[in-house]
Number of protein chains: 2
Amino acid sequence: MTSARERPTLEEVARRAGVSRATVSRVVNGSTTVAPPIQEAVRRAVRELGYVPNLAARTLVTQRTDSIALVLPETATRVFSDDPLFPGIVRGVSQELEAADRQLVLMMAGSAASHDRIERYAMGRHVDGVMFASMHGMDPLPGALARIGMPAVCSGRPLGRPAVPYVDIDHVAGVASAVRHLLDAGRQRIATIAGPQDMVAGIERLAGYREALRDSHRRSIVAVGDFTRESGAIAMRHLLDDDPKLDAVFVASDLMADGALRTLREVGRRVPADVAVIGFDDAEFARYTDPPLTTVRQPIIEIGREMVRLLLRLAEGEPVEEALILPTHLVVRDSG
Amino acid sequence: MTSARERPTLEEVARRAGVSRATVSRVVNGSTTVAPPIQEAVRRAVRELGYVPNLAARTLVTQRTDSIALVLPETATRVFSDDPLFPGIVRGVSQELEAADRQLVLMMAGSAASHDRIERYAMGRHVDGVMFASMHGMDPLPGALARIGMPAVCSGRPLGRPAVPYVDIDHVAGVASAVRHLLDAGRQRIATIAGPQDMVAGIERLAGYREALRDSHRRSIVAVGDFTRESGAIAMRHLLDDDPKLDAVFVASDLMADGALRTLREVGRRVPADVAVIGFDDAEFARYTDPPLTTVRQPIIEIGREMVRLLLRLAEGEPVEEALILPTHLVVRDSG
DNA sequence: CTGAAAGCGCTAACAC
DNA sequence: GTGTTAGCGCTTTCAG
């Protein structure tokens, strides 16, 4: 079915068209400095031979591939779970890359082995730049790439000293707006379900909560989840055990908030009458939960787009800001 | 931040280690025929210089990239929608590729421009092989790739004369088992919600339905959706308009079946008392619909894995079967 | 406007 | 075991 048919090279096209390799190269790459009749002859030869340029050869000399990687340090299962973050980032990135006529190469690194493979891939200059999203812990890869001159950017401030530019949102301000809203509504015991503490979004949102509560002299009531719906449901139970009288909970993601809502329903607490719930993300489904979720909106698609813009400028050698912090805002619905 | 720092080449490493390029190449590629002390010297030079092989150069001579593309001719939005097919395929493919230590590059082609870009990418030998899933209409790309000797496989029989090997399921048999189940339960008026008629899964499942009904001399009642939940809900309304007395419906995907369930609930029909519903896919959520969905299970992860196996053998030049048809089986739950 | 020639960085025979 | 050498297929000065 698939034969190892010899592929024609520039050389052969040139011979057939009766010109030099250089001329064929010019025509193939759309140079205008070639006489029309010759252009035509070359094009015909290309067509007849079914010539397709060898990208590796081209890359070797031009030092560019016109493709950009987006690496998600997660398993495929996780990336394709119901977490709305991944689709949002990918959509934003796709849109912007499309506009720049660059190929998006999506890579998932759920294991150490795949992380290594991606490292070789990116360090080997198989792409012109690399974007990271959903990073855990202190991944040395962005820094390593930057060190060898490979453009790299992150979504979410990298933990540790940021070695590459990043775009993130103002987590602390976002959480503050949520907590303030709860306080204004007269809530007394405000708990939180935090995200994983190896991710900056988890850490910052918890910090934001603590800070906001400290300002109003309340005590923190904390449970930690991992951004999945299930972990939210479980965390809510813990919270209820810890303080049966809590009357509000700020949840670090809508998915976890949905899980929390389920638990509250199961134990017979009314939302928002007994317990107010505020999520984070403003995921599509937050409008359809029962009751619809009050949540902190983050411009997730915009994050994807900004990453691309940053990366392309970096690749052009232009100076770029160290960080781009996008604003969030509270979307009030029925849950709190 | 990112400097265009000169990257060391084999040459420089060789000079520093006081050996030849060939020796460095051997060490880097793990050849055992190098004396241990020299190996050590080379490794040190590599480390000190931060040498990383240039993949384009390597590819140019070896003619391989160790990466494989999975192209999904859909927009990112669609790929990351709630359709469980994409995650399943990607998971199966990832697992198997991981085992083979190949890099997966995922490409989405939601527009004509991106389809073109992918064509250049694949034809240009940026990858060692290409897998296609979720194909619409008669895409010429798989055939074009095969023609230039680039290994390619599809999931789902390509429309038209298949130019490349493919793995698919036995749609007709799967549907037949569902319809037979309905018949055995004494259902009289069995309708169907078909999938899009530009996709083989849509076409075949409808054909299976027609065939099964013809055998039992019933009349067909057909509405067509596009595999989304929403289209299932709408199609169900049409069906009810067409034949208010229908007492069963075979739906070509679980997502559409879920939409149909919603419509039935809205118009006050009980499932399965008034109307039996059978879906297709055995998606995870089918267990949690109200009522839980009877459905035709297809081994979706296995499809992904088999695609990879086929592709790798193809790439090795081994002979492969034209098609691999995986079995389905009915999973009976409460809906019908 | 076109061609000749010099590599891009690497691997793989083939000598030594 | 290790080095020498000849390219892989392309772009890009530089002449003409």
Side-chain angles (χ1 to χ4, degrees), chain A residues 4-43 45-46 49-66 120-121 123-126 128 148-150, chain B residues 4-43 45-46 49-66 120-121 123-126 128 148-150:
Chain A
R5 169 105 53 89
E6 285 311 312
R7 300 183 68 202
T9 66
L10 255 198
E11 181 73 54
E12 296 164 48
V13 175
R15 206 158 37 221
R16 180 169 194 120
V19 298
S20 72
R21 286 211 312 269
T23 299
V24 177
S25 175
R26 289 187 187 106
V27 173
V28 169
N29 292 296
S31 164
T32 48
T33 69
V34 177
I38 299 217
Q39 284 201 30
E40 185 41 46
V42 170
R43 265 189 248 288
V46 165
L49 259 28
Y51 170 75
V52 184
N54 179 319
L55 263 21
R58 174 179 290 172
T59 295
L60 187 55
V61 29
T62 60
Q63 303 280 30
R64 52 183 304 184
T65 65
D66 287 326
R120 296 200 302 270
Y121 194 89
M123 301 272 280
R125 299 207 162 280
H126 234 314
D128 296 339
I148 66 164
M150 165 73 60
Chain B
R5 169 105 51 90
E6 285 312 312
R7 298 183 70 204
T9 67
L10 257 199
E11 182 72 54
E12 296 165 47
V13 176
R15 205 157 38 218
R16 181 170 194 119
V19 298
S20 73
R21 281 207 320 264
T23 298
V24 178
S25 175
R26 288 186 188 105
V27 173
V28 168
N29 292 295
S31 166
T32 48
T33 69
V34 177
I38 299 219
Q39 284 200 29
E40 186 39 48
V42 170
R43 266 189 247 289
V46 164
L49 259 29
Y51 170 76
V52 183
N54 179 319
L55 264 20
R58 175 180 289 172
T59 295
L60 187 55
V61 30
T62 60
Q63 303 279 29
R64 51 182 304 183
T65 64
D66 287 327
R120 296 199 304 269
Y121 194 88
M123 301 273 279
R125 299 207 162 281
H126 234 314
D128 296 338
I148 65 163
M150 165 72 62

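Worth knowing before you read on, the calculation uses all heavy atoms, side chains too, and leaves out hydrogens, waters and symmetry mates. Per chain, numbering begins at 1; letters A, B, ... match sequence-line order.
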Peer 1: How would you list, by chain and number, every residue that makes a salt bridge (charged side-chain N to carboxylate O under 4.0 Å, His left out) with Arg15(A), sequence neighbours excluded?
Peer 2: none
Peer 1: Anything under 30° is parallel, anything over 60° is perpendicular, the rest tilted; go ahead and classify Tyr121(B) against His126(B).
Peer 2: parallel
Peer 1: So Ser20(A) and Thr23(A), do their side chains get closer than 4.5 Å, heavy atoms only?
Peer 2: yes
Peer 1: Can you pull the contact range of chain A along DNA chain C, 5' to 3', using atoms under 4.0 angstrom from its heavy atoms?
Peer 2: dC1(C) to dG9(C)
Peer 1: Supply the atom-to-atom distance Asn29(B) CG to Arg58(B) CZ, rounded to the nearest 0.5 angstrom.
Peer 2: 4.5 Å
Peer 1: With sequence neighbours left out, what residues match Glu12(A) under salt bridge (charged side-chain N to carboxylate O under 4.0 Å, His left out)?
Peer 2: none
Peer 1: Any side-chain heavy atom of Met123(B) sitting closer than 4.5 Å to one from Met150(B)?
Peer 2: no
Peer 1: Can you list everything that forms a salt bridge (charged side-chain N to carboxylate O under 4.0 Å, His left out) with Arg21(A)? Sequence neighbours excluded, please.
Peer 2: Glu11(A)
Peer 1: Do you see a donor-acceptor pair shorter than 3.5 Å between the side chains of Arg7(A) and Asn54(A)?
Peer 2: no
Peer 1: For the helix from dC1(C)-dG16(D) to dC16(C)-dG1(D), figure out the bend between the end axes, five pairs an end, and round to 10 degrees.
Peer 2: 30°
Peer 1: Does any part of the side chain of Val19(B), heavy atoms only, come nearer than 4.5 Å to the side chain of Arg26(B), both counted from C-beta?
Peer 2: no
Peer 1: For nucleotides 7-16 of chain D, give me one character per nucleotide, 5' to 3': B if any protein heavy atom sits under 4.0 Å from the base, S if the only such contacts are to the sugar-phosphate, - if neither.
Peer 2: -BBBBBB---
Peer 1: Between atom CG of Leu55(B) and atom OG1 of Thr62(B), what is the distance when rounded to the nearest 0.5 Å?
Peer 2: 8.5 Å
